[in-house]
J.: 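The following block contains the structure, expressed as structure tokens.
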Amino acid sequence: MSEFEDIQRLIRLKRFEAPKEDFVEDFLAKFHEHQRSEMLRQSSLSLLWERMTTYFDDLIAPRMVLVPAAVCVGFLAIWGAMNIRSGDSIDVTGSLASSQSMPAVMSKQPAFDVDSQLIREVENNRVLEIEGILLSRHFETDHTLQPDLVDVVSVSGSATPVSAELQPVAGFNR
Amino acid sequence: METALDKPTAAASSSAEDRILVERAQDGDTRAFDDLVRKYTPKLYGMVYNMTSNREDTADLLQEIFAKAYRSVKRFQGKSSFYTWIYSISVNMTLNFLKKRGRYAKVSLDDVDSGIQNDPEFVKVTTAARDTVREVNINELQKRLNAAMMKLSGDHRTVVTLYDIQGHQHNEISKILGVSEGTVRSRLFYAHRILQTYLEDLV
């Protein structure tokens, strides 16, 4: 007799925990339902698979050409973008290097003040001078000017005709 | 009355009957598979239920077990008996289920079979064994047995279920589990010792 005889006898009582009598037939009915739903699911999946394979069979040749082409285009695009970025980075780093080598005070660009008083005075003087010359010529020679008397005033250093035959403006005094 | 000498003969005829049903099922006869389901559902139910201690889990798991068997029956080559094959599937799937359930949820130990206390045979056995099973409420007894079973690991619970509750022999269990008979005996001894510590006040 085993030393665990009593325990085994006790555990054996669990064999009476059996399902109800109608369990098997109910179980079988449910099993059939499961099988049917699984078959339907499988058939729909197989139908989907068939359609997909048909679709890809038709398109397999063009796709095989398109795919490498797309890869090449993508590669070129990435390569180009990387080059542009690397160029930008060189410029940026160059400017940074130059600005870093300069003292902070010098790195500040001097603002070109076009409205400064001195420049304005020079410009005004030049305009007044030109106007004065023109007016004096106008009033001195009331008759038709000779071609060789055409005056040339140079402001910027290059010869620019500033006066020619001046005609009275029609209806000026009206 | 069935004697020990009749057992091999009955097992052989059962095995031959199974082989015919399996061949028919392999040829696409769904009624043959239905007969196999009818035959093995009560046995497998007992095995799965005593390992899970939950009726809903047992019913769901049995559906999966027979669905898997149905899908695989065409690949069944008859190297072992159908009985060993279906039991192997059931044990493996139940152990996998227990591993998953152990990860995500705690087992309800209160899940007991309320109908058993009305089972005349059960009442007869417990009344006859009153010297062993002391005065204890049947419902309480079931709870205690289930709780004690749940203390065992999956492997130990399997051998106790197959040997003590379902009455399989050591060699049959070793075939089902794919382990040696020595391993089966060792697991049984260890499992009985654990059960004794939890149920010693009842024996």
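Sequence lines set the chain letters: A, B, ... in the order given, protein chains first and strands last, and positions in each chain run from 1.
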J.: Hey, could you give me the NZ/CG distance between A:Lys14 and B:Leu141, rounded to the nearest 0.5 Å?
T.: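 If we round to the nearest 0.5 Å, A:Lys14:NZ and B:Leu141:CG are 9.5 Å apart.
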J.: Treating B:Gln166 as the side-chain partner and A:Arg15 as the backbone partner, does any N or O pair qualify as donor plus acceptor under 3.5 Å?
T.: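 No.
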J.: Within this structure, what is the CD-CD1 distance for the pair B:Glu200 and A:Ile7, rounded to the nearest 0.5 Å?
T.: 8.5 Å
J.: Among B:Leu188, B:Val160, B:Leu62, single out the residue with the greatest number of heavy-atom pairs under 4.5 Å to chain A.
T.: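 Ranked by contacts with chain A, first place is B:Leu62.
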J.: Taking atom CZ as the centre, does B:Phe76 end up with more than 12 heavy-atom neighbours from other residues, nucleotides or ligands that are less than 6.0 angstrom away?
T.: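 Counting other residues, nucleotides and ligands, CZ of B:Phe76 exceeds 12 neighbours.
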J.: Would you indicate whether B:Tyr190, at its atom OH, is surrounded by more than 12 heavy atoms from other residues, nucleotides or ligands within a distance under 6.0 Å?
T.: no
J.: Closest approach of B:Tyr45 and A:Pro19, non-hydrogen atoms and distance?
T.: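 Minimum heavy-atom separation between B:Tyr45 and A:Pro19: CD2-CD, 3.3 Å.
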J.: To check you understand the geometry: which heavy-atom pair defines the closest contact between A:Gln35 and B:Tyr70, and what is its length?
T.: NE2-CD2, 2.8 Å
J.: Do B:Leu195 and A:Phe4 have side-chain heavy atoms sitting under 4.5 Å apart?
T.: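 A side-chain contact under 4.5 Å is absent here.
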J.: Hey, could you give me the CD/CG distance between A:Gln8 and B:Asp164, rounded to the nearest 0.5 Å?
T.: 4.5 Å
J.: In Å, rounded to the nearest 0.5 Å, how long is the span from CG of A:Asp6 to NE2 of B:His192?
T.: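 The distance works out to 11.5 Å.
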J.: Once rounded to the nearest 0.5 Å, what's the spacing between atom CG of A:Leu10 and atom CG of B:Leu202?
T.: 5.5 Å
J.: Anything under 30° is parallel, anything over 60° is perpendicular, the rest tilted; go ahead and classify A:Phe31 against B:Phe33.
T.: parallel
J.: If you define the side chain from C-beta out and look only at heavy atoms, does anything of B:Arg38 sit under 4.5 Å from A:Glu25?
T.: yes
J.: With a 4.5 angstrom heavy-atom cut-off, is it the side chain or the backbone of B:Arg193 that approaches chain A, or both, or neither?
T.: both
J.: Can you tell me how far CZ of A:Phe16 sits from CD of B:Gln142, rounded to the nearest 0.5 angstrom?
T.: 11.5 Å
J.: Tell me which of these, B:Asn50, B:Thr161, B:Leu199, has more heavy-atom pairs under 4.5 Å with chain A than the rest.
T.: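 Top count of heavy-atom pairs under 4.5 Å with chain A: B:Asn50.
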